[in-house]
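Protein chains get the first letters and strands the later ones, always in sequence-line order, with residue 1 at the start of each.
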There are 2 protein chains.
Amino acid sequence: MLDISELSRKSDVPASKLRYYEEVGLIRSVGRKGLRRVFDDSVLPRLALIALGQAAGFSLAEIRDMLGEERRPRIDRDMLSDKADALDRHIQELSALRDGLRHAASCTAPSHLECPTFQRLMRIALARQGTRERSRDKARMTGKTGERRRGDGA
Amino acid sequence: MLDISELSRKSDVPASKLRYYEEVGLIRSVGRKGLRRVFDDSVLPRLALIALGQAAGFSLAEIRDMLGEERRPRIDRDMLSDKADALDRHIQELSALRDGLRHAASCTAPSHLECPTFQRLMRIALARQGTRERSRDKARMTGKTGERRRGDGA
DNA sequence: GCTTGACTTCAAGTTGACTTGAAGTAGTAG
DNA sequence: CTACTACTTCAAGTCAACTTGAAGTCAAGC
């Protein structure tokens, strides 16, 4: 059982962020001690997963969907699998980009836009990109942030 | 030689975005025909690189640094190499996340936060994360958007 | 030579993910 | 019991990366 500052210290996540995450339903406190939130240890791994999901380029809404709403542990395995596939494609692209950068760093061609190796690597990366057909347009998601939108009253 | 709508069509990038990219110095038009911008074909691969860079999680400012300011093709090879290394670490994390998702999708444990395999995968991912020590705090960059900041006058 | 419509500029709006600040409250140390 | 301080809420601010809208311009077709 942790209060917000202990959780903040242990997770290296600012308290304001923790409150925000609770507000949008990414984490939950197990109760209050007076006014103060009380968290339990299970939010630590959860916060780590959130950070990881963000690093993977998922929005908080997507991450919330992936993790489930804390007390609904049964999460959609097909969706998870789809996310994994999408992530894998993303990884392929990034790998191509990494190789491109790596090559550009060592290549002695006058301008690497003219270097055939670089061009080939980029073609590979871009071909993949075309394959996905703007899949990130669908990532915008239809709000569904539960509560929220209070900061726009007046 | 393309006008903005042709470029938009060929690149599948909205004209507003192209103007924005020009404004912030990511691309350049070769001139004007009357008021209208004229681009040459070299911006097409450049736009593709920009998209790729974004997919890799770089900010537009970082991408601009990586690509150079169009007429300064000599770009810093050490920096490129550092970016490649950073990207590679990122890829490792994403791979761990992908494996975690993949496993979660097929795992029959009651809740995969309790599944030992999942926990192990996450530990690996998180260990890596600790290694980087908040490197993304440095990614904020010191503005340096050249011109810009006009839309916030009053 | 006038209308049309795709371009232009510039300001302002939007979205996601937060942070900051003011004003209030409550467990704890003295 | 009072003070202190770390918490609380809520509104508003910020930042990147764009988009939207209003008002203007200009080459082309009729």
Residue-phosphate contact under 4.0 Å: [X] side-chain N/O, [N] OP1/OP2:
| X | N | value |
| --- | --- | --- |
| A:Ser5 | D:dC7 | yes |
| B:Arg19 | C:dT8 | yes |
| B:Tyr21 | D:dC18 | yes |

Taking the basic N atoms (NZ, or NE/NH1/NH2) and the acidic carboxylate oxygens, is any pair closer than 4.0 Å for B:Glu22 and B:Arg37?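 Result for this pair is yes, salt bridge flagged.
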
In plain terms, say whether B:Arg36 and B:Asp3 are close enough for a salt bridge, that is, a side-chain N and a carboxylate O under 4.0 Å apart.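 Looking at B:Asp3 together with B:Arg36, the answer is no, because their closest N to O distance does not fall below 4.0 Å.
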
Would you kindly compare A:Leu18 and A:Arg36 by the position of their nearest DNA chain C nucleotide and give the one closer to the 5′ end?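 Result: A:Leu18.
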
Using heavy-atom distances to pick each residue's nearest nucleotide on DNA chain C, tell me which of B:Arg32 and A:Phe58 is more 5'.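 Its nearest nucleotide being more 5', the pick is B:Arg32.
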
Nearest heavy atom decides the nucleotide; on that basis, is B:Lys33 or B:Leu60 closer to the 5' end of DNA chain D?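 Per heavy-atom nearest nucleotide, the more 5' residue is B:Leu60.
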
Figure out the [atom1]/[atom2] separation between [X] and [N], and round it to whole Å.
| X | N | atom1 | atom2 | answer |
| --- | --- | --- | --- | --- |
| B:Lys17 | D:dC18 | NZ | C1' | 8 Å |
| B:Asp3 | D:dC26 | CG | P | 16 Å |
| A:Glu23 | D:dT8 | CD | C1' | 13 Å |
| A:Glu6 | C:dG27 | CD | C1' | 14 Å |
| B:Asp12 | D:dC18 | CG | P | 14 Å |
| B:Leu2 | C:dC7 | CG | P | 12 Å |
| A:Leu35 | D:dT5 | CG | P | 19 Å |
| B:Tyr20 | D:dA17 | OH | P | 6 Å |

Please find the pair of heavy atoms, one from B:Arg46 and one from B:Ile27, that lie closest to each other, and give the distance.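 Closest heavy-atom pair between B:Arg46 and B:Ile27: NE-CA, 4.2 Å.
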
Please answer: with hydrophobic residues joined when any side-chain heavy atoms are less than 4.5 Å apart, are A:Leu2 and A:Val38 in the same cluster?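 Hydrophobic grouping puts A:Leu2 apart from A:Val38.
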
Quick one: label B:Arg37 by what it contacts on the DNA or RNA (base, sugar-phosphate, nothing), any heavy atom closer than 4.0 Å.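 Sugar-phosphate, no base atom in range.
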
With a 4.0 Å cut-off on heavy atoms, is B:Gln54 in touch with a base, just the backbone sugar-phosphate, or nothing at all?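 Since only primed, P, OP1 and OP2 atoms lie under 4.0 Å of B:Gln54, the category is sugar-phosphate.
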
Tell me which nucleotide among C:dT20, C:dC7, D:dT8 gets nearest to the side chain of B:Ile4.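 Closest nucleotide to the B:Ile4 side chain: C:dC7.
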
Under a 3.5 Å distance rule, please check whether A:Ser8 uses its side chain to pair with a backbone N or O of A:Val13 as donor and acceptor.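 Yes, A:Ser8 side chain to A:Val13 backbone: donor-acceptor pair under 3.5 Å.
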
